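Worksheet: the structure to be examined is printed underneath.
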Protein chains: 2
Amino acid sequence: MTARAKRAERRADGLSKERIVEAAIDILNSEGESALTFRALAAHLATGSGAIYWHVANKNELLAATANAVIARVMTDVVGDAEPREAIRAIAVGVFDAIDAHPWVGAQLSSEPWQTAILQIFEGIGGQLQALGVPERAQFDSASVLVSYVLGLAGQYAAGARLLPPETERSDFLATVAAQVDPAEYPFVHQVATQLREHDDREQFLAGIDLILAGIKTVR
Amino acid sequence: MTARAKRAERRADGLSKERIVEAAIDILNSEGESALTFRALAAHLATGSGAIYWHVANKNELLAATANAVIARVMTDVVGDAEPREAIRAIAVGVFDAIDAHPWVGAQLSSEPWQTAILQIFEGIGGQLQALGVPERAQFDSASVLVSYVLGLAGQYAAGARLLPPETERSDFLATVAAQVDPAEYPFVHQVATQLREHDDREQFLAGIDLILAGIKTVR
DNA sequence: ACCTGAACACCGTTCAAGT
DNA sequence: ACCTGAACACCGTTCAAGT
């Protein structure tokens, strides 16, 4: 969104949106979403809570900015000269891992469309689809499916991570779900949860990407 | 999750979880997420705010229950004797329309995995995949891609709907985005947003489902 | 221009007290 | 067993006052 960063005066000690966002990310990572309050943030920055509002409009903007910062790092890390198919997988895995490491990003991304973070992901994937030779008329649908899938699944996992005590192993979790689900009511879920106790989230995520890429390939 | 409904005593005038959930849905639909407070809910039900806690553990459970109620209706409406492919599209569109009509459901579904609503969607789609003859080892991945896509995209649209003034036409919205995005920074997004001013959300959503189904078909 | 921090309005949740 | 509603702890946001 024409965000030309102005490289100007910033005293080492002064507040700035960047410093605020970094502090917010620190708090989110170390203490979780519920710990991010303007009071805690102000204490962390050794300032008054009102000072933050000089640099950030409100909490919504603050959260969007933190998610954008995390995703921006992913996208710059990921740019390489890999061939398109690999590049798409790299972007997907990068976003997946970022959300896995920062579950609050998952929630934020699914609650604000068209924020910079999503534009960046969309742009990155779209460019690779063009390089892959996907016909123009199918490019939007294809990119949209990939992005929605990434956000949707990563969001689910992130929500799971936020719900569970941090030490819980995913296999324990699935086993618990399998045990609680009524086989008569949810036969498919029950069957699948049982057989999947030892699956790897990341591999399964990538299998989904490949499935979608196979679908895209059928469009000629 | 073994939710065998007990068909027991309930006085016409007494509170009940169902009555509370219905009232909550009323408020969410008519006044939006921010209007759903325990105070407003209590007023709506002509009771004290504390009374609600006798039937519902907390706000989280209340929101989950409302989303589950909405999705449960979708899933019962959708069961038919259609052939699997059509049934999957019907489930997907049903969920999509429900989230479109009740944007708050989108937020709720993407924030709580393994809640009943998602189990129901997963189960519905999974059953149809079996009927479609998808090999057992690909069933989980396939269902997972479809469900994640539905939740992901519907969530994005819902978030958009919540952000925008209700009268805004989607085409105006896309035009606005297209105008604001820097073509140099986001060439793909810019190109695609421009050419898509008049697209139909629902059609595009279904195109995505078909793309995924085409991918699933390649697994043999 | 930027920061301080008390004050405001509001919220989820609890709980002693009622019936 | 279920309901009432005041009280508690806490939050985002504002704003007069400072530098």
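Note that the coordinates shown come from a computational prediction; the quantities given were computed from them, not determined experimentally. To find a chain, count down the sequence lines: A is the first, B the second, and so on, and within it residues start at 1. All values below come from the heavy atoms of this structure, side chains included, with hydrogens, waters and symmetry mates left out.
Atom pair B/Phe38:CZ and C/dT14:C1' shows a separation of 12 Å (rounding to whole Å applied). Between the OH atom of A/Tyr53 and the P atom of C/dC8 there is a distance of 17 Å, rounded to whole Å. At whole-Å resolution of the value, NZ in B/Lys59 and P in D/dC11 are 16 Å apart. Note: CG (B/Leu63) to C1' (C/dG12) measures 12 Å, nearest angstrom. Here the P atom of nucleotide C/dC3 and the CD1 atom of A/Ile20 are 8 Å apart, to the nearest Å. Note: CD1 (A/Ile52) to C1' (C/dG5) measures 12 Å, nearest angstrom. Distance, A/Asn60 CG to D/dC11 C1': 15 Å, rounded to whole Å. Atom P of nucleotide D/dT14 and atom CG of A/Asn58 are separated by 8 Å, given to the nearest angstrom.
When all heavy atoms of A/Leu129 and A/Gln139 are compared, the closest pair comes out as CD1-O, 4.0 Å.
Each of A/Gly48 and A/Arg39 has a nearest nucleotide on DNA chain C; the 5'-most of these lies closest to A/Gly48.
Side-chain N/O atoms of A/Trp54 include none lying less than 4.0 angstrom from OP1 or OP2 on C/dC3.
D/dT13: Watson-Crick or G-U partner is C/dA7, with both key distances under 3.5 Å. Base pairing of D/dC2 is made with C/dG18, judged by Watson-Crick or G-U wobble geometry with both donor-acceptor distances under 3.5 Å.
At a threshold of 4.5 Å between non-hydrogen side-chain atoms, the residues A/Asn29 and A/Trp104 count as touching. Side-chain contact between B/Ser142 and B/Ile216 is present, with heavy atoms from C-beta onward closer than 4.5 Å. The shortest side-chain heavy-atom distance between A/Val150 and A/Ile209 falls under the 4.5 Å cut-off.
Picking from D/dT14, D/dG5, D/dC3 the nucleotide with the shortest atom distance to the side chain of B/Ser49 gives D/dG5. Residue B/Thr37 has its side chain nearest to C/dG12 when only D/dT13, D/dG5, C/dG12 are considered.
Salt bridge annotation for A/Glu61-A/Lys17: present, with a cationic side-chain nitrogen under 4.0 angstrom from a carboxylate oxygen.
Using a 4.0 Å heavy-atom criterion, one finds that A/Leu36 contacts the sugar-phosphate atoms exclusively. Looking at heavy-atom distances under 4.0 Å, A/Leu62 makes no contact with the nucleic acid at all.
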